[in-house]
Amino acid sequence: MKIHNNKKNLFLALAACAALTLSACSDDNASGSADAESDNPNAITMSWPRDIGPMNPHVYNPSQLITQSMIYEPLVSYEEGGEVKPHLAESWTVSEDGREYTFKLREGVQFTDGSSLTSEVVKKNFDAVLANKNSHSWLGVINVLDKIEVVDELTFKMVLTQAYYPALQDLAVVRPVRMLGEAGFPEDGDTSKGITEAVGTGPWVLDEYKTDEYAVFKRNPDYWGESPELEEVTIKIIPDAETRVLAFEKGELDLIYGEGVVSMDSFNYLKETGEYTTDLSDPVATRTMLVNSTSEKLSDLNVRLALHHGFNKQAMVEGITLGLEEKADSILSSNFPYAQEDIEAVEYDVEKAASYLDEAGWKLESGGAIREKDGQPLELELIYDKTDPIQKAMAETLQAEWLAIGVKLEIAGLELTEQIERRKAGNFDLDFWYNYGAPYDPHSMINVVAEDGWGVAEAHSNLPMKSELDEQVREALASTDETKRQELYGSILNTLQEQSVFIPISYMKKTVAYQNDIESFEFPANRDEHPFNDISVSE
Amino acid sequence: MTLLEVKDITHSYGASRSFWRKQDVKPVLSGISLSIEEGTCLGLLGSSGAGKSTLGKVILGLEKPQKGQVIFQGQDVYAMDAKSRQQMRRNLQVVFQDSYSSVNPRLTAEKIIAEPLENYEKLSAGEQNRAIASLLEQVGLSSSDMKKYPREFSGGQLQRINIARALALKPKMIVLDESVSSLDMVTQTTILDLLQDLKKMHGLSYLFITHDIRAAYSISDAMAIMHKGQIAEVFHNKDEVFTSQQPAVKSLVDSMLPEHPRYRNAAAPTEAKKLFSR
Amino acid sequence: MARIRTALKGKWPFAICSGILVVFFLVSILAPWIAPNDPIQVNLALKLMPPSLEYPLGTDQLGRCNLSRLLYGARVSLGFATLIFVASLGIGLVVGTLSGYRGGWIDALLMRFCDGVMAFPNLVLVLGIVGLLGPGLWQVVVALMMVQWVYYARMIRGMVVSMKEQNFITAARISGSSNWKIIRRHLVPNVLPPIMVMGTLEMGWAIMDISALSFLGLGIQPPTPEWGAMIHEGTSFMRSNPELMLYPGLMILFVVISFNVIGESLSEQFGVKRRY
Amino acid sequence: MVIYLIKRLFAVVPIILFAIFLMFVLVRLSPVDPAQAYLAASNIHPTEELLAEKRQEFGLDRPLIVQYFQTVADIVRFDFGNSYVTNTPVWQEITTRLPATLQLALSSILVAIIVSVPLGFLSAVYKNSWLDHFSRLLSYLGASIPQFWLGYVLIFFFAVKLDLFPVEGRGTWQHFVLPSITLSLALIAIYTRLLRASVLEELEEAYVLYGRTRGLKEKGIMVKHVLRISISPMLTGLGMNLGKLLTGTIIVEQVFSWPGFGRFFIEAIFNRDIPVIQSYVVLAACLFIVCNLIVDVIQLYLDPRISREGRAQF
Amino acid sequence: MHTQPNVLQVDNLNIAAKSSRGALPLVRNVNLELKPGKVLGLIGESGSGKTVTSMALMQLLSQRSMHVQGSIQLHGQELNGLPAQAMRNIRGKDIGFIMQNPMNAFTPVYTIGNQFVETIRTHTGLGKKQAVELAIASLESMNLEEPAKLMKKYPFQLSGGMLQRVMIAISMSLRPAVVIADEPTTALDVTNQLQVLNELDRLRTECGTAILLISHDLGVISQLADEVAVMRHGEIVEQAEVCELFDRPQHEYTKNLLQARPMLSGNEALNRLVI
């Protein structure tokens with residue numbers, strides 16, 4: 001029994017442990033916090049739902065587009081209305097067959113470590129991307145990219161395997177074709193496993209970063225272009241939407257910006273208080289319902305049309321999104337290139353819907369609520385992302401609306417990955433789907449309509465004119481003739497509309513709310529770009 | 001005739017299979033031999049920790065000894081098949097010290113006494129009822145107590161119910177394991193009287209396990225004294241207990257409290273001190 | 001019953017809480033008949049309405065009847081908590097009794113398994129199971145069950161082992177009762193009441209756990225009304241319509257408090273010690 | 001005592017092995033294909049070749065028993081694999097985020113102990129006084145208020161309306177206040193109740209009466225004798241409730257944007273980030289075991305009976 | 001020194017439990033006298049009010065739940081209603097107490113020495129070292145071997161008989177005027193009972209302490225008591241010198257009690273032989 005001798009020491013030891021742990025905590029805390037009440041008046045704080053990630057320009061999760069776009073820059077930039085403008089590349093020429101692009105780089109562009117932007121560096125970046133082609137196959141230009149040839153220090157040639165008109169648009173995206181400085185590359189040049197340093201040419205430099213807490217960006221003093229007004233941007237990581245609003249209300253945040261970063265209700269609340277400025281962007285993408293034509297019941301155009309006519313889109317969009325989204329009649333909103341004026345809207349018409357169903361042979365037994373055909377009830381399943389409150393609310397609304405025309409809708413909230421898996425496997429009746437927005441659309445959207453592997457082409461495969469449609473898509477993407485392209489797009493979009501394999505629901509918009517001392521806020525044209533270059537703060 | 005014979009029982013607990021330390025295997029019983037004649041009562045005496053209760057369990061067939069035999073009615077208790085053991089149980093019953101823990105608190109007196117009857121005698125409801133009533137009367141309770149729950153009885157009354165249950169199958173022998181020790185004096189005496197009467201009436205044999213010499217003396221025909229897992233001495237004439245020079249017996253006798261102030265016990269027996277000090 | 005009656009004497013909190021629970025259980029059974037509206041009927045024209053005759057507690061952000069959703073929510077919370085309790089108690093009873101009564105290697109094996117499961121902080125294991133099986137109410141229920149039964153088994157085994165040593169079990173054996181009869185007649189009836197008391201306390205936790213998991217998005221699937229999920233949806237309306245958050249919060253509060261008060265009084269009555 | 005501790009330490013080994021085994025079985029039972037989950041989480045378009053390649057990389061094509069021993073060997077070397085989402089070693093993710101979680105947990109336990117020890121003790125000593133009624137009310141409320149609900153309400157009133165504390169984040173001591181309160185209320189409820197019950201039980205013990213018959217000071221009997229013994233079941237509860245605490249931290253981290261591991265874990269669940277899920281659970285089990293070991297040691301100090309009787313069953 | 005021959009004088013003690021239905025009498029009109037160096041036996045079956053009486057003498061009944069009326073005088077000082085502080089000084093110092101179940105009476109987590117010294121230092125101004133010395137001396141006088149080692153042991157490491165003697169040693173160390181022994185032998189093994197009674201006997205002869213010996217066991221009473229009070233249903237039905245009571249019981253209940261004890265068949269010769 002040594003209890004007597006040991007116990008005092010034991011207790012002391014325990015107490016010491018506790019003290020150490022605690023003091024370790026407080027040390028940690030001393031190293032500064034990032035609050036909106038920063039000493040610098042020319043600084044703002046914004047929130048973002050997830051950690052900004054490792055700032056690697058060539059990979060996806062968990063890196064965040066918004067911060068990648070602050071540091072790294074593209075060769076060309078995407079501007080309002082789909083116009084492609086010079087950025088790091090000053091000018092370019094395209095060969096006759098559309099397979100060779102020769103770029104001239106801007107002179108005097110420097111990376112933040114002082115090195116210059118040269119064709120060699122550009123090639124290095126492209127090579128790193130091409131080394132992991134599999135990961136980037138979603139981006140059209142990568143699939144057709146053959147090689148990069150250095151011509152001289154500031155001139156290089158991009159060679160494609162086939163003509164592909166949206167190559168420039170694709171080069172404007174935030175990742176993976178933005179330029180990392182020489183110093184950022186690991187020895188073997190393969191950036192997929194990580195970079196050594198976040199060296200870019202962008203207007204912002206990462207100054208301070210704490211995983212899951214915040215990241216502070218400072219203005220790049222040597223920026224080649226027009227310097228931003230702001231000196232400092234702090235991005236705080238706040239995963240919960242409600243907490244974000246509360247922090248904004250309290251003044252800990254200057255800006256809430258993004259898609260789905262606040263609930264619609266909270267956004268409206270902020271708007272109605274009048275103490276803050278709120279705004280909505282132009283449509284960035286379309287919320288669409290993907291209808292699986294290979295599903296037995298939905299292979300009938302009449303059923304698809306009945307569903308399309310069978311719900312009050314206007315009321316649903318307004319009710320659920322409180323007017324923050326706009327009812328969509330076409331899959332492509334008018335602010336995108338090649339959007340068609342003459343797409344005929346499918347209007348809300350319950351009687352029409354009912355008659356389509358009657359015509360398809362789905363009859364309502366007297367006393368029954370669900371239509372039947374050959375003793376089978378008209379039951380459909382809608383899958384949706386369970387974490388998305390809007391999808392959920394819409395699913396629930398549709399459930400109620402379609403019941404009125406005798407269609408029973410089962411709704412299944414899934415995790416995103418499961419939703420995508422089932423979409424790819426064609427294992428669904430109805431599914432929420434979004435197009436990609438600027439600068440990816442409209443070419444990316446029609447690409448997945450024709451190209452297998454994304455679940456969309458597969459879902460459309462039961463259309464009678466499917467092969468024709470695919471041919472049109474291929475033609476449009478390779479075409480170098482502007483009017484021809486316009487024509488083809490018109491035909492494709494009209495077919496999709498008439499066949500009701502996409503049911504457009506609403507145009508999604510970005511939201512922003514900011515404290516009144518922020519001036520001159522503008523939404524970037526590129527959906528994934530950051531908005532900080534134009535912001536200024538009043539004294 | 002010999003009803004029960006215990007031959008050379010050796011048993012121990014704590015044969016620990018612990019990986020960490022080899023525990024000393026403490027023998028609880030070593031080389032115990034005893035016999036009980038039909039219709040007699042053997043008082044088994046000893047201080048606490050002497051191994052009395054373990055021996056009781058061994059005899060009842062509840063704890064297989066590591067060595068030795070228990071022969072009841074000519075049959076080895078631990079060598080018989082399940083069926084014969086079941087039959088053996090009929091004739092060998094038990095009453096424990098703590099009357100409260102010996103009955104299921106959720107059953108009525110009737111159900112408690114009915115349990116052995118259900119298991120052995122397939123009686124009709126009426127017959128069973130009558131049997132229970134008569135048993136209750138035999139032990140000095142009334143048939144109106146049938147529907148009562150254990151908590152409605154006093155300790156003495158409950159012990160009577162335990163006796164009634166033990167009697168239900170008309171056994172040959174009952175092991176009384178400190179059956180009266182926790183009752184107050186007056187009740188103790190009445191229960192002892194009841195046991196005497198029943199013994200005469202049914203020709204029962206008892207193994208009366210106790211630490212109280214007086215109680216053992218008053219009911220037993222013969223006495224055996226246990227000490228540290230062994231039989232110190234067996235007395236067929238129980239009066240000889242008081243004159244024995246066997247140290248364990250002597251110390252037990254020496255530490256008796258007087259039954260009258262006239263016989264005050266003058267000094268603590270030194271023998272006892274040696275024997276029992278830890 | 002008699003004990004419950006004496007327990008009631010002079011204990012008004014106990015009486016009130018039993019009343020609340022009885023009401024909630026009735027509500028959850030009768031929800032389809034007493035709810036004024038269909039709880040999942042979306043009517044965007046009627047969103048966020050103040051209380052009216054048709055919608056006694058107003059409507060939520062999708063124009064669904066708040067009262068009806070709360071009533072149906074009782075179904076989910078109480079129903080699944082009861083299910084978890086009954087199922088895990090059932091498994092625990094079988095395993096615990098077998099283990100405690102038989103002893104030997106079966107006991108060792110089963111109890112080592114229980115030890116292993118208990119080596120995990122229980123809710124964390126639930127999260128792990130849900131994480132691997134995928135979020136969803138049934139996964140949550142199965143996970144909670146898988147984690148809970150171990151505790152019941154452990155406790156029941158302990159009680160069986162100590163009870164096995166009690167004289168009345170020995171007496172029953174000596175009276176010639178078979179093992180099955182001893183288990184059925186003596187062990188189970190004595191083991192069950194204290195475990196049920198523990199269960200009342202656990203029910204409260206189960207309801208909290210289900211709603212917490214729903215809050216994290218791991219539990220209930222819409223449009224099924226569940227209190228935790230309703231609170232989560234209601235947080236967006238904290239300022240304009242605080243009742244959307246308040247009502248389901250109060251429901252949880254009432255039910256859990258009731259379970260706790262009742263469990264506490266019963267365990268005092270039965271002398272059951274709380275595990276934690 | 002040393003032997004007892006060594007024994008306890010060694011007993012931990014098979015339990016941890018079993019814990020790893022259980023997780024291993026669960027992963028194999030899971031309907032999700034890790035290769036599929038990996039590609040989905042990394043935003044890579046899954047093709048059959050890629051899937052096969054990944055399966056081979058994860059060793060999923062090897063016999064189960066080999067996979068199990070590989071898992072054990074990896075975990076022993078603190079190699080929990082790479083997160084599917086962040087592509088960094090899980091161990092690194094743990095070390096950057098766990099300290100924040102532990103701080104939060106520790107500060108909540110501290111708050112809980114500081115409040116519940118006097119409250120539980122006094123309410124038992126002054127049974128049926130107003131303090132007792134208050135503490136019982138508090139413990140009923142504390143055990144019944146959902147933490148996520150409480151969290152938002154606290155932020156709304158104390159951070160936004162009254163402007164006393166920051167809404168979210170970590171940094172200064174003020175950042176600790178609201179999350180700790182949210183997290184500790186349930187613990188306070190449990191511990192207060194546990195302590196009150198055990199003090200009431202101990203007050204019935206003969207040694208209290210014997211102390212009084214010896215003329216000891218009432219305060220001395222209560223604090224030196226009763227409290228010291230009564231605190232033991234509360235400590236057991238402290239160890240046992242770690243699970244509640246950890247789930248609590250997940251919720252609180254979510255609501256208060258606390259940069260801890262729980263938040264990361266929930267994201268991992270949604271992304272099917274199997275290595276993260278697996279290591280969180282195994283790690284939590286280890287933490288749980290270690291905490292209970294610490295509790296045991298403290299109890300051993302408080303109550304020398306334990307080393308003789310072995311650990312009391314709860 | 002004392003003009004009054006009685007160390008402890010109890011007059012007309014009435015105890016009632018407060019309940020919602022009014023006072024429930026537990027003890028009625030009890031009169032007791034304890035003389036220095038004498039042992040007063042209090043006998044009765046369980047529930048007869050013996051323990052409540054002893055608690056009343058120690059003033060340890062909760063005033064919230066119990067009514068205590070009557071006079072309890074220690075050396076002429078009225079104890080009933082004495083302020084808590086003053087009463088606490090008397091407890092342990094002037095009135096010692098020996099409990100029924102020694103195994104539970106000690107705080108399990110402190111050593112014997114710790115609790116012994118704690119008691120001594122509560123009532124005396126002794127330093128720690130002196131207190132330890134006094135405790136060891138006291139244990140030694142109880143015939144306990146190796147008292148210094150004993151001091152370092154925890155209660156659970158000792159047998160009931162040992163603990164009971166430790167308890168007597170603690171009472172004795174402060175030389176109290178009165179010791180109340182509540183069923184001091186009930187929980188002990190037969191072989192230890194006599195020894196404990198003998199230690200009590202020494203306590204009264206050597207220190208002149210008056211002892212109130214509460215027991216239900218006639219053997220204990222006949223071994224130690226000088227005078228006996230028989231209690232039943234909260235009342236003292238008979239009180240007499242011990243031999244007188246055993247030989248000529250007056251009350252019906254006493255007679256029953258005496259008849260009930262198991263006798264060695266009334267065998268005088270055997271009884272003499274035993275001693």
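Reckoned from all heavy atoms, side chains included, excluding hydrogens, waters and symmetry mates. Here is the naming used below: chain letters follow the sequence lines, and residue numbers restart at 1 for every chain.
- More than 12 heavy atoms of other residues, nucleotides or ligands lie within 6.0 Å of CZ in Phe18(D), so this atom counts as buried by the packing criterion.
- The side chain to side chain donor-acceptor pair (under 3.5 Å) search around Thr213(D) returns none, not counting sequence neighbours.
- Taking the ring centre of Tyr110(E) as origin, the terminal cationic atom of Arg228(D) falls inside the region bounded by 6.0 Å and 45° from the ring axis.
- Neither the backbone nor the side chain of Gln85(E) comes within contact range of chain D; no heavy atom of the residue lies under 4.5 Å from a heavy atom of that chain.
- Counting non-hydrogen atoms of neighbouring residues, nucleotides and ligands closer than 6.0 angstrom, the NZ atom of Lys224(D) exceeds 12 such neighbours.
- By the 6.0 Å contact criterion, CD on Gln63(E) is open, its count of non-hydrogen atoms from other residues, nucleotides or ligands being 12 or less.
- With a 4.5 Å cut-off on non-hydrogen atoms, Ile229(D) touches chain E through its side chain but not through its backbone.
- More than 12 heavy-atom neighbours from other residues, nucleotides or ligands sit within 6.0 angstrom of NZ on Lys18(E).
- Using a 4.5 Å cut-off between non-hydrogen atoms, the part of residues 117-129 of chain E that approaches chain D consists of Glu118(E), Thr119(E), Thr122(E), His123(E).
- Of the two parts of Met55(E), only the side chain, counted from C-beta on, holds a non-hydrogen atom closer than 4.5 Å to a non-hydrogen atom of chain D.
- Within the 3.5 Å criterion, the main-chain N or O of Phe116(E) finds no donor-acceptor partner in the side chain of Arg214(D).
- Separation of atoms CG (Leu209(D)) and CG (Asn104(E)) is listed at 11.5 Å; rounding is to 0.5 Å.
- Counting heavy-atom pairs closer than 4.5 Å to chain E, the top-ranked of the candidates Arg212(D), Glu205(D), Glu202(D) is Arg212(D).
- Using a 4.5 Å cut-off between heavy atoms, Ile180(E) makes no contact with chain D at all.
- Nearest heavy-atom pair, Phe106(E) versus Tyr210(D), reported as atom, atom and distance to 0.1 Å: CE2-CE2, 3.9 Å.
- Neither the backbone nor the side chain of Asn89(E) comes within contact range of chain D; no heavy atom of the residue lies under 4.5 Å from a heavy atom of that chain.
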